[in-house]
Number of protein chains: 2
Amino acid sequence: MIKKAKLLDIAEALGISTGTVHRALHNHAGVSSVTKARVQQMAKTLGYRPNLAARYLSSKRTLRVSVNTLKGTTSFWDEVRAGISEEARALVMENIEIEYRTYPRLGEGEEEAFEAALKAGVDGIITFPSRPQSLQAWMRRASRGGIPVVCVATDAPNTGRLAVVSIDTLASGSLAADLMGHFLSGEGTVAVTLSSVAITEHSEKYKGFASTLSGLYPKMKVLEPLEDHDIETVCYEKSRELFKNHPELAGIYVTTEASIPVLNAARDAHVLDKVIFITTDLFPALVPEIRSQAVAATIYQRPRTQGRRAFRVLHEFLVEGECPSFQVTLAPHLVMRGNLDFFLQRQTLESTPQRAVGVPSDSPEMIDYFG
Amino acid sequence: MIKKAKLLDIAEALGISTGTVHRALHNHAGVSSVTKARVQQMAKTLGYRPNLAARYLSSKRTLRVSVNTLKGTTSFWDEVRAGISEEARALVMENIEIEYRTYPRLGEGEEEAFEAALKAGVDGIITFPSRPQSLQAWMRRASRGGIPVVCVATDAPNTGRLAVVSIDTLASGSLAADLMGHFLSGEGTVAVTLSSVAITEHSEKYKGFASTLSGLYPKMKVLEPLEDHDIETVCYEKSRELFKNHPELAGIYVTTEASIPVLNAARDAHVLDKVIFITTDLFPALVPEIRSQAVAATIYQRPRTQGRRAFRVLHEFLVEGECPSFQVTLAPHLVMRGNLDFFLQRQTLESTPQRAVGVPSDSPEMIDYFG
DNA sequence: TTGAAAGCGATACCAG
DNA sequence: CTGGTATCGCTTTCAA
């Protein structure tokens, strides 16, 4: 291994001082464009990589990141935030401040939150772009200003965002389809519910589901997706209608968190035990439905891990100036009655993280179920 | 936030020098037991936490860790090692050297490898204890000597090991059982194969499977586990016997990587399409079996993630003197025909990790499927 | 626009 | 046994 170049090396090579080199490399004001160019060139040829420890040690600056997410309607966003602060806490370098900005519902107040973060002069933003379109202008502005933005759960295309952390939606849909096919022995009509086909995340799940089903189980039939537009009553009513119009329905895949209204509709229509349910996410109200076999399986989207990874990517960029990956796509977990308890147990334990000092005894205690 | 105490603070509080404080805190020779006690007491009351950046900057020591695993019989251990070096590379602090020691088969040469690592004076060990019993003496010796040991994939109880990283075996078995129950509509006789009931990992999978099956699907019946003792021919022969003696067999859960011999036996016995297969792990030979529906589902044990987490735990302990968790238990991933391609695609991509500098364009490229 | 120098907190060595 | 001090590589301020 070649000894790595430091600021002094490039300063001496150029016959200048380390102060100038530093300013040149950081595009600070007060450096002639010629020396700046010479420095940057020399840094490249010497393969200069900053020593993060030294930087941290001498720097008094503290990084500020804004986390813009949905107010905890369900536990999903609470888990995402928990993952973020968990990862931040675990960080060796503790010069990081996290500001949480939340908005009450999809598309409501997220522009304001983003603007506020920008105005506050944060160094980076983690956001859930519930309405990518409306956020686009703000995100472009951030990226033009050199503020990295990481999207969680959903992507916001053409926004110059640094990275996106999400579940593989196509795979989620495909897994749901394959399971459904198996559960129904390859026959029957199935439905899919989603918020809106306009949302990439949802339409991809539908696409994955439909294409896998038609590919692997040609005898099965998928209905047109049911759009609930994130409104519970709409979801319930449309579901009732679905069950009335399609008495032959054998299965349904709910791609969003909105599975309870569908389940209630099925119950009220007395078709609950005739229809195989595959749902999404895991939250308290869903637990009894899984226990009672009303829901055969749910696709868990690992919100805590999404939060952890989002923070890691952003932090790595802020500290090293490198982006480990533009897209972190996680495989979803499958939760059924059989392994449900293991996930719940984990969720409980997770609220009281345990750390130990020194070489511990033989008593395992922490289960990283959601990892 | 209270300003954190540093060496100088505790030195001044005691009217001594930082050098003495340093030696006292590190149990270095040449400190009177009284001052050592005073220092340690004061450190505690001041809540002293060492500044890792400063330590790294001033220390010329490089950490050496030995990774003792099975030579790549299948891709499993290659993936584990890949995860380890991946995580090591990503580390900000780069004063780490990894030495890989491998052994050809289970229980063969692992004591020697462990002894060699100890003799070489490494600072920590990550190991797969294929024969926990035989390794026990060595591991205790390591822990007595203050050398932290992290187990991957399998635990080695009562060895003073620092931590264990593994898949939740009970949950794996339970998930397999619930799937099996669904696939078979709650009826039929099923079998389980494993290496040996003496191996905790395997017997737990069996236990999870059996208890979940009897709990959720009382009409189903589980046969006594079939032990193959890690010998392919034994596995094949016993499987043939099984199929002959139990023509009513409807499903089989293979808890180990040894699914190919079982599949071949089923094929040769002409029962392949009458038996639902749920297997473990994912490797090239299994791919066509999943594609052809011979295998309904496989439980993927995320070797890469296991490697990553094992390294993280060990590193954190070496650097911070803290163990983040004694037990990292991961939820397995379920792979079926529907989502198989997504996992394979990931495996390909993973061999050529991509990093980018600066704010990248809108072209997602990396899929962290195995995360 | 540039240079010089004072830290940051821990380690390691040399004197006493 | 203990104190003093140079050192690690970078940031930041003060002079020039």
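Proteins come first, then strands; the chains are lettered A, B, ... in the order of their sequence lines, and each starts at number 1.
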Integer-rounded Å distance: dT5(D) P and Leu7(B) CG: 17 Å
Residue closer to the 5' end of DNA chain C, Arg23(B) versus Ala54(B) (nearest nucleotide): Ala54(B)
Rounded distance (Å) that lies between atom P of dG7(C) and atom CZ of Arg61(A): 23 Å
Separation of atom CG in Asn27(B) from atom P in dC1(D), rounded to whole Å: 14 Å
Minimum-distance pair of heavy atoms, taken over all atoms of Cys151(A) and Met139(A): SG-CE, 3.7 Å
Sugar-phosphate, base or nothing in reach of Ile16(A), heavy atoms under 4.0 Å: sugar-phosphate
Nucleotide dA10(C), atom C1' - distance to NZ of Lys4(B) in whole Å: 14 Å
Candidate nucleotides dT12(D), dG9(D), dA12(C), ranked by approach to the side chain of His22(B) - the nearest: dA12(C)
Value in whole Å for how far the P atom of dG9(C) lies from CZ of Arg55(A): 18 Å
Under 4.0 angstrom between Ser59(B) side-chain N/O and dA10(C) OP1 or OP2: no
Closest to the Ser17(B) side chain, choosing from dG9(D), dT2(C), dG3(D): dG3(D)
Check: Tyr56(B) main-chain N/O paired with Ser59(B) side-chain donor or acceptor under 3.5 Å: no
Earlier contact from the 5' end, DNA chain D, for Val31(B) and Leu57(B): Val31(B)
Leu25(A) side, atom CG; Lys36(A) side, atom NZ - distance, nearest 0.5 Å: 10.5 Å
Euclidean distance, atom CD of residue Glu12(A) to atom C1' of dA4(C) [Å, nearest integer]: 14 Å
Closest to the Ser58(B) side chain, choosing from dC10(D), dA10(C), dG3(C): dA10(C)
OP1 or OP2 of dC8(C) under 4.0 Å from side-chain N/O of Tyr56(B): no
Side chain to side chain contact (heavy atoms under 4.5 Å, CB included) partner of Ile125(B), the single match among Leu314(B), Asn68(B), Val150(B): Asn68(B)
5' precedence on DNA chain D between Ser33(B) and Pro50(A) (nearest-nucleotide basis): Ser33(B)
Heavy-atom neighbours of Arg141(A) CZ exceed 12 at 6.0 Å: no
side-chain N/O Thr18(A) vs dT11(D) OP1/OP2, d < 4.0 Å: no
Closest to side chain of Thr20(A), choosing from dT11(D), dG9(C), dG3(C): dG3(C)
d(CG, Asn51(B); P, dT11(C)) in whole Å: 10 Å
Spacing between Leu8(B) atom CG and dC8(C) atom C1', to the nearest angstrom: 12 Å
